[in-house]
Peer 1: 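Quick one: structure below, then a few questions.
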Amino acid sequence: MTEFPKEEVLTPADESHLRQAIRHSHTARERGNRPFGALIVAKSGEVLVEFYNQTKEAQDCTAHAETGAIRIASHTHSREVLMGATLYASGEPCVMCSGAIFLSGIRRVVYALDAKRMRQMRGLKEDYRDLEWSIKEIYQASPHPIECIGPALVEEARLAHQGFWQP
């Protein structure tokens, strides 16, 4: 039997922002993309950037929700602002997105669906790892701490994926 990571308890502010990322995952799906959304929120609580996965409509395999948000934020906000910001993601960031988060200077990530649950929803073998490592595993090698909170609001996040991954 598959054992999934325990869900984290969030603050009301984190819940609100994560729900917004989840709403963006529905937008992504409605537009024909994989169902993922993200936003970056400054330490002050100001939403800096919101983005949804645009890989299909942009015909760009790097247009994930997290990388898209970071691409915009890094052009419009200083590294110091990003270092105090939180990235909220409807799904656990992949290896590419984790690298972008690291390079951006963002030091806090809150996510909904974990990679293990997403693998199961996609019908992949439990031992399928390919490049889908846990963000927490990736950041263990970071020279500076990056706080990772998740999974959280799993059932809410799962809704955008229902039926999407079926052949």
Side-chain angles (χ1 to χ4, degrees), residues 1-30 33-41 43 45 47-55 63-70 73 82 84-102 104 106-142 144-166:
M1 185 168 136
T2 302
E3 189 170 321
F4 295 110
K6 185 179 179 223
E7 284 194 57
E8 305 254 0
V9 177
L10 302 178
T11 67
D14 283 340
E15 277 189 18
S16 176
H17 293 309
L18 189 55
R19 283 191 172 104
Q20 184 61 24
I22 292 168
R23 282 191 285 278
H24 286 299
S25 71
H26 288 277
T27 300
R29 182 177 178 161
E30 289 163 8
N33 303 288
R34 289 182 171 193
F36 296 100
L39 62 146
I40 299 173
V41 178
K43 193 173 191 171
V47 176
L48 303 177
V49 178
E50 300 180 68
F51 205 82
Y52 61 88
N53 182 315
Q54 298 180 11
T55 54
H64 290 196
E66 301 91 338
T67 55
I70 290 167
L82 293 178
T86 299
L87 184 137
Y88 293 88
S90 65
E92 185 172 0
C94 70
V95 173
M96 176 184 71
C97 293
S98 297
I101 292 163
F102 172 80
S104 74
I106 292 172
R107 303 279 173 101
R108 186 170 186 266
V109 178
V110 178
Y111 63 91
L113 282 172
D114 57 276
K116 196 167 191 175
R117 283 182 177 90
M118 286 191 281
R119 281 193 299 276
Q120 183 191 52
M121 286 187 306
R122 291 171 63 188
L124 301 174
K125 291 182 181 179
E126 185 176 325
D127 63 351
Y128 174 83
R129 294 276 302 179
D130 196 76
L131 292 177
E132 293 185 12
W133 295 320
S134 164
I135 191 172
K136 293 175 182 178
E137 292 172 335
I138 293 167
Y139 291 149
Q140 286 175 355
S142 174
H144 58 264
I146 300 173
E147 181 182 15
C148 298
I149 300 169
L153 305 180
V154 168
E155 291 308 312
E156 291 179 44
R158 188 187 303 266
L159 293 175
H161 295 263
Q162 286 183 334
F164 184 84
W165 302 104
Q166 305 308 315

Peer 1: What distance separates C97 SG from F36 CZ, expressed to the nearest 0.5 Å?
Peer 2: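 The SG atom of C97 sits 9.5 Å away from the CZ atom of F36.
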Peer 1: Is a side-chain N or O of K43 found less than 3.5 angstrom from the main chain of L82, in a donor-acceptor match?
Peer 2: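 Answer holds: no.
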Peer 1: Are any of the side-chain heavy atoms of R107 and Y139 separated by less than 4.5 Å?
Peer 2: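 In short, these two side chains do not touch, never coming nearer than 4.5 Å.
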Peer 1: Measure the OG1-CD distance between T27 and Q54 for me, rounded to the nearest 0.5 Å.
Peer 2: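 Interatomic distance, T27 OG1 to Q54 CD, rounded to 0.5 Å: 10.5 Å.
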Peer 1: Does E92 reach the main-chain N or O of A115 with its side chain, forming a donor-acceptor pair under 3.5 Å?
Peer 2: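 Yes; judged by distance alone, with no hydrogens or angles, the pair exists.
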Peer 1: Within a strict 4.5 Å, meaning less than it, do heavy atoms of the H64 and M96 side chains meet?
Peer 2: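 Yes, at least one pair of side-chain atoms sits under 4.5 Å.
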Peer 1: Would you say the side-chain atoms of S16 pair up with the backbone N or O of P12, donor to acceptor, closer than 3.5 Å?
Peer 2: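 Side chain of S16 to backbone of P12: no pair is present.
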Peer 1: Is the distance between the ring centroids of Y88 and H24 under 6.0 Å?
Peer 2: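 Aromatic pair excluded; centres sit 6.0 Å or further apart.
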Peer 1: Does K136 reach the side chain of P5, with side-chain heavy atoms less than 4.5 Å apart?
Peer 2: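 SC-SC contact between K136 and P5 ruled out.
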Peer 1: Heavy atoms, side chains only, cut-off 4.5 Å: are L39 and H17 in contact?
Peer 2: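 Of all side-chain heavy-atom pairs linking H17 with L39, at least one is under 4.5 Å.
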Peer 1: Where do F164 and R34 come nearest, in terms of heavy atoms and distance?
Peer 2: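 Heavy atoms only, the tightest pair is CZ-CA, 3.6 Å.
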Peer 1: Does any N or O in the side chain of S90 come within less than 3.5 Å of the main-chain N or O of G37, such that one atom is a donor and the other an acceptor?
Peer 2: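 Yes, S90 side chain to G37 backbone: donor-acceptor pair under 3.5 Å.
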Peer 1: Parallel, tilted or perpendicular: which describes the rings of H144 and F102, with under 30° parallel and over 60° perpendicular?
Peer 2: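 The arrangement is parallel - the two ring planes meet at less than 30°.
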Peer 1: For the atom pair CG (D114) and CZ (F4), what is the distance rounded to the nearest 0.5 Å?
Peer 2: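 The CG atom of D114 sits 7.0 Å away from the CZ atom of F4.
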Peer 1: For A28 and P35, work out which heavy atoms get closest and say how close.
Peer 2: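 Closest approach of A28 to P35, heavy atoms only: CB-CA, 4.2 Å.
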Peer 1: Considering the options V47, I101, L87, which one meets the side chain to side chain contact (heavy atoms under 4.5 Å, CB included) requirement together with I40?
Peer 2: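 Single pass found, and it is L87.
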Peer 1: Could you go step by step and tell me if H26 and Y52 meet the ring-ring contact (aromatic ring centres under 6.0 Å, His included) rule?
Peer 2: CA-CA 9 Å; H26 288 277; Y52 61 88; over 10 Å; no
Peer 1: Could you give the distance from CD1 (I22) to CD (Q20), rounded to the nearest 0.5 Å?
Peer 2: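 I22 CD1 to Q20 CD: 10.0 Å, rounded to 0.5 Å.
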Peer 1: Are side-chain heavy atoms of V109 and T86 found at a separation under 4.5 Å?
Peer 2: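 No - every pair of side-chain heavy atoms lies 4.5 Å or more apart.
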Peer 1: Does any non-hydrogen side-chain atom of I106 lie less than 4.5 Å from one of I70?
Peer 2: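 Side-chain contact under 4.5 Å: yes.
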Peer 1: Hey, is the main chain of R19 close enough, under 3.5 Å, to the side chain of E156 for a donor-acceptor pair?
Peer 2: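 No, the answer is negative, given that no donor and acceptor are paired below the 3.5 Å cut-off.
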Peer 1: Any idea which heavy atoms bring I138 and S98 closest together, and the distance?
Peer 2: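 Closest approach of I138 to S98: CD1-OG, 3.8 Å.
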Peer 1: Specify the closest pair of heavy atoms between P93 and I135, including all atoms of both residues, with the distance to one decimal.
Peer 2: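 Of all heavy-atom pairs spanning P93 and I135, the closest is CG-CD1, 3.7 Å.
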Peer 1: Return yes if some donor-acceptor pair links the side-chain N/O of T11 with the main-chain N/O of D14 below 3.5 Å, else return no.
Peer 2: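 Such a contact is found between T11 side chain and D14 backbone.
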Peer 1: Spell out, as yes or no, whether a donor-acceptor pair under 3.5 Å connects the side chain of N33 to the backbone of N53.
Peer 2: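 Confirmed, N33 side chain pairs with N53 backbone.
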Peer 1: Taking all non-hydrogen atoms of both residues, which atom of R29 and which atom of H161 are closest, and how far apart?
Peer 2: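 Where R29 meets H161 most closely, the heavy atoms are NH1-C, 3.6 Å.
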